[in-house]
Amino acid sequence: MRQGPIPGAHGRVRPLSLLGDPVLHAPGAEVTDFGPELAALVEDLFATMYAAHGVGLAANQIGRALRVFVFDCPDDEEERHLGHVVNPRLVETGGVVVRGPEGCLSLPGLEAGTERHDEAVVTGLTVRGEPVTVRGTGFFARCLQHECDHLEGRVYADRLTGRRHRKLMRQVERASWHR
């Protein structure tokens, strides 16, 4: 699933879409062209994710409404998972539901306790159109679910209810990046 020795080394850092941007709230389009533009997008996603110190990034977070995400994320045993998925589908979740701190590059500096399964399986394609299956546990499972949510037009704040949701929205209103 890697693009080369250093993912993102040839990519361009793009501006991040922030909460409130309509591109974050609409499902991404299926990718049908597996040519050089897709490869460049994946490189840009890696470059932007690394520049922002993230562990995952979906295409709509840089303004591209396409079903693509990248990741460089540890699991709970500190094993590094590095790759990308085109046209991902969250096909399985399991284990236990864990409420843990979750942040997002589109809500910079904020986080909230968000419930996610501690096991997840995502299927999709590589940048070359080859089938891929990615299995995650712990923190990496949270990352996979988070990025799949983005491509459905959801952010983690949409999963919160009650007091946790109200608290996060107050923090968003006070955030320097909020419009």
Side-chain angles (χ1 to χ4, degrees), residues 1-3 6-29 31 38 40-76 78 80-88 90 98-116 120 122 124 127 134 136 138-160 164-165 167-179:
M1 288 192 309
R2 280 178 72 157
Q3 285 299 294
I6 304 170
H10 301 290
R12 198 174 83 198
V13 176
R14 302 288 185 102
L16 289 166
S17 301
L18 301 176
L19 185 68
D21 188 322
V23 75
L24 291 175
H25 303 289
V31 172
L38 178 61
L41 172 61
V42 169
E43 285 295 310
D44 289 355
L45 284 166
F46 273 114
T48 305
M49 177 184 72
Y50 289 138
H53 307 289
V55 296
L57 190 67
N60 59 348
Q61 291 183 272
I62 61 169
R64 299 291 308 275
L66 291 172
R67 296 187 64 79
V68 181
F69 72 78
V70 300
F71 55 88
D72 188 346
C73 183
D75 59 24
D76 288 355
E78 295 303 316
R80 180 184 187 194
H81 299 271
L82 173 67
H84 67 274
V85 185
V86 178
N87 296 336
L90 182 63
V98 177
R99 179 182 300 153
E102 193 163 324
C104 180
L105 296 176
S106 293
L107 288 84
L110 304 180
E111 67 177 33
T114 307
E115 292 182 353
R116 299 278 188 184
V122 173
V127 73
V134 181
F139 184 66
F140 183 46
R142 177 176 295 278
C143 176
L144 293 172
Q145 293 166 82
H146 179 106
E147 299 311 327
C148 284
D149 270 1
H150 272 302
L151 300 179
E152 296 299 329
R154 292 188 300 260
V155 295
Y156 78 93
D158 298 331
R159 291 192 166 271
L160 303 176
R164 282 195 318 277
H165 185 264
K167 180 180 177 187
L168 181 64
M169 290 301 101
R170 283 192 303 271
Q171 292 172 330
V172 166
E173 290 297 322
R174 292 191 302 264
S176 60
W177 50 264
H178 188 260
R179 316 174 213 225

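Worth saying up front: this structure is predicted, and the values here are computed from it rather than measured.
- Residues meeting the side chain to side chain contact (heavy atoms under 4.5 Å, CB included) test with Glu115, sequence neighbours left out: Val97, Arg99.
- By the 4.5 Å heavy-atom criterion applied to side chains, His84 and Leu45 are not counted as neighbours.
- Looking at every heavy atom in both residues, His150 comes nearest to Ala58 through CB-CB, 3.6 Å.
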Report the C-alpha distance between Leu110 and Glu102 in whole Å, list the side-chain angles of each, state the deciding distance to 0.1 Å, and finish with yes or no for side chain to side chain contact (heavy atoms under 4.5 Å, CB included). CA-CA 8 Å; Leu110 304 180; Glu102 193 163 324; over 6 Å; no

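- Sorted by first and then second residue, the salt bridge (charged side-chain N to carboxylate O under 4.0 Å, His left out) pairs involving residues 47-58 (not counting sequence neighbours) form an empty list.
- Contacts of Ala52 classified as side chain to side chain contact (heavy atoms under 4.5 Å, CB included), with partners at least two apart in sequence or in another chain: Leu16, Leu105.
- Qualifying side chain to side chain donor-acceptor pair (under 3.5 Å) partners for Glu147, counting only residues two or more places apart in sequence or in other chains: none.
- With sequence neighbours excluded, no residue forms a ring-ring contact (aromatic ring centres under 6.0 Å, His included) with Tyr156.
- Ring geometry, Phe140 versus Phe71: the interplanar angle falls from 30° to 60°, so the pair is classed tilted.
- Looking at heavy atoms from C-beta onward, Leu107 lies in side-chain contact with Trp177 at the 4.5 angstrom threshold.
- Looking at heavy atoms from C-beta onward, Arg142 lies in side-chain contact with Thr114 at the 4.5 angstrom threshold.
- His81 and Asp75 share a side-chain donor-acceptor pair at under 3.5 Å.
- Annotation: side chain to side chain donor-acceptor pair (under 3.5 Å) contacts of Glu152 (sequence neighbours excluded): Arg67.
- Arg159 pairs by the salt bridge (Lys or Arg N to Asp or Glu O under 4.0 Å) definition with Asp149, not counting sequence neighbours.
- Ser106 pairs by the side chain to side chain donor-acceptor pair (under 3.5 Å) definition with Gln61, not counting sequence neighbours.
- A side-chain hydrogen bond (donor to acceptor under 3.5 Å, both in side chains) with Asp44 holds for exactly one of Arg12, Arg14, Arg64; it is Arg14.
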